[in-house]
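In listed order, ligands and their atoms are each counted from 1. Values in this document were obtained by computation on a predicted structure and should not be read as measured data. Counting from 1, the numbers follow the sequence of the chain as shown.
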Amino acid sequence: MTRRIGFVGLGNMGGPMAANLVKAGHTVTGYDLSASALEAAAGHGVLIAASAAEAVAGAEVVITMLPSGRHVLESYRELTAAAPEGALFVDCSTIAVGDARIAADLARTAGHRALDAPVSGGVPGAEAGTLTFMVGAAEAEFAEAEPLLAVMGRRAVHCGGSGAGQAAKICNNMILGISMIAVSEAFVLGESLGLSHQALYDVASTASGQCWSLTTNCPVPGPVPASPANRDYRAGFAAALMAKDLGLAADAAEAGAVPAELGRRAAELYADFAERAGAGLDFSAIITTLREHA
Ligand code: NAD
């Protein structure tokens, strides 16, 4: 079934996600504050609206892919008033669990349905349509959104009610941030002990130290040729986004009185790295600061 979709936020992720929906035959009307994002989206067949309200005025489904909770809540105040009653609101941005629940309440109060559906897989996953969606929604809303999520991604996991998708996203990325620091520290320690990168990789990748941060996104050049370390840490998962996600996890831990000591330390290290020089580099470039400290 083809749907009328209003898509707000056509940046690095939203642009290719909207393009994949067009490719699958859906009618997508988009809006972004950036002229270059609009131009790129138009090139992929997205109909361009003059405002966010106009983009969703005739929409059955409203998808947002915005930088942060502040942007989502501000937009939802406008979008929930402009969309036809009963529209399905799907927020794919990574935002705090509390903000996701407020956004869903705003949509429901205006007579709509809502789900949080943050993603993992990065820009390559958005382009290839292979994202993983983590969804917080009632069963019926998840079922209705699933065919659209299947166009933009390979997998959609129903994690629970409102906010559960965001909860899963920040817990996963807390594991990822901590494990990248652990792998990086091990390489730096190995260097100081005269151990080659390849020797440590050959052992740890087939032993109990094995993890995604080592075997897919290895922070040193050589052992995994496709990892960003082999191209000066360019074009990967930006350290600034990791800092943002770890900040959301640390805030949630504090609010729930969960110690999460390593998660909070990882958030501090990434915030510091992103602020100093590494914001646009792949998050595995954290190894360069750990080496400086050594
Ligand atoms: P981006 O900055 O490239 O895109 C965001 C877009 O939103 C921009 O084009 C901006 O102009 C637009 N925007 C901001 N406020 C707006 C408004 N009020 N109305 C209309 N447009 C507005 O960011 P991105 O990389 O696409 O990330 C989007 C979300 O996806 C973030 O929450 C991020 O944490 C999450 N995410 C990103 C990645 C990644 O690898 N880039 C991976 C997973 C999740």
Name each N or O atom in ligand 1 that is under 3.5 Å from a protein N or O, and give the partner atom and the distance.
unit_1	atom_1	unit_2	atom_2	d
ligand 1	3 (O)	Asn12	N	2.9
ligand 1	3 (O)	Asn12	ND2	3.1
ligand 1	9 (O)	Asp32	OD1	3.1
ligand 1	9 (O)	Asp32	OD2	2.8
ligand 1	11 (O)	Asp32	OD1	2.6
ligand 1	21 (N)	Leu33	N	3.4
ligand 1	26 (O)	Asn12	N	3.4
ligand 1	26 (O)	Met13	N	2.9
ligand 1	32 (O)	Leu66	O	2.9
ligand 1	32 (O)	Pro67	O	3.1
ligand 1	32 (O)	Thr94	N	3.0
ligand 1	32 (O)	Lys244	NZ	2.9
ligand 1	34 (O)	Lys244	NZ	2.9

Keeping the roles fixed (side chain from [X], backbone from [Y]), state whether a donor-acceptor pair exists under 3.5 Å.
X      : Y      : answer
His158 : Phe142 : no
Asp282 : Ala239 : no
Asn230 : Gly222 : yes

Could you give the side-chain donor-acceptor pairs of residues 265-273 under 3.5 Å, partners two or more places apart or in another chain?
unit_1	atom_1	unit_2	atom_2	d
Arg265	NH1	Glu268	OE1	2.7
Tyr270	OH	Phe283	O	2.9
Asp272	OD2	Arg276	NE	3.3

Can you give me every donor-acceptor pair (side chain of residues 53-62, partner residue at least two apart or in another chain, under 3.5 Å) with its distance?
unit_1	atom_1	unit_2	atom_2	d
Glu54	OE2	Ala50	N	3.3
Glu60	OE1	Arg4	N	2.6

Sequence neighbours left out, cut at 3.5 Å: what donor-acceptor pairs do the side chains of residues 148-156 make with other protein atoms?
none

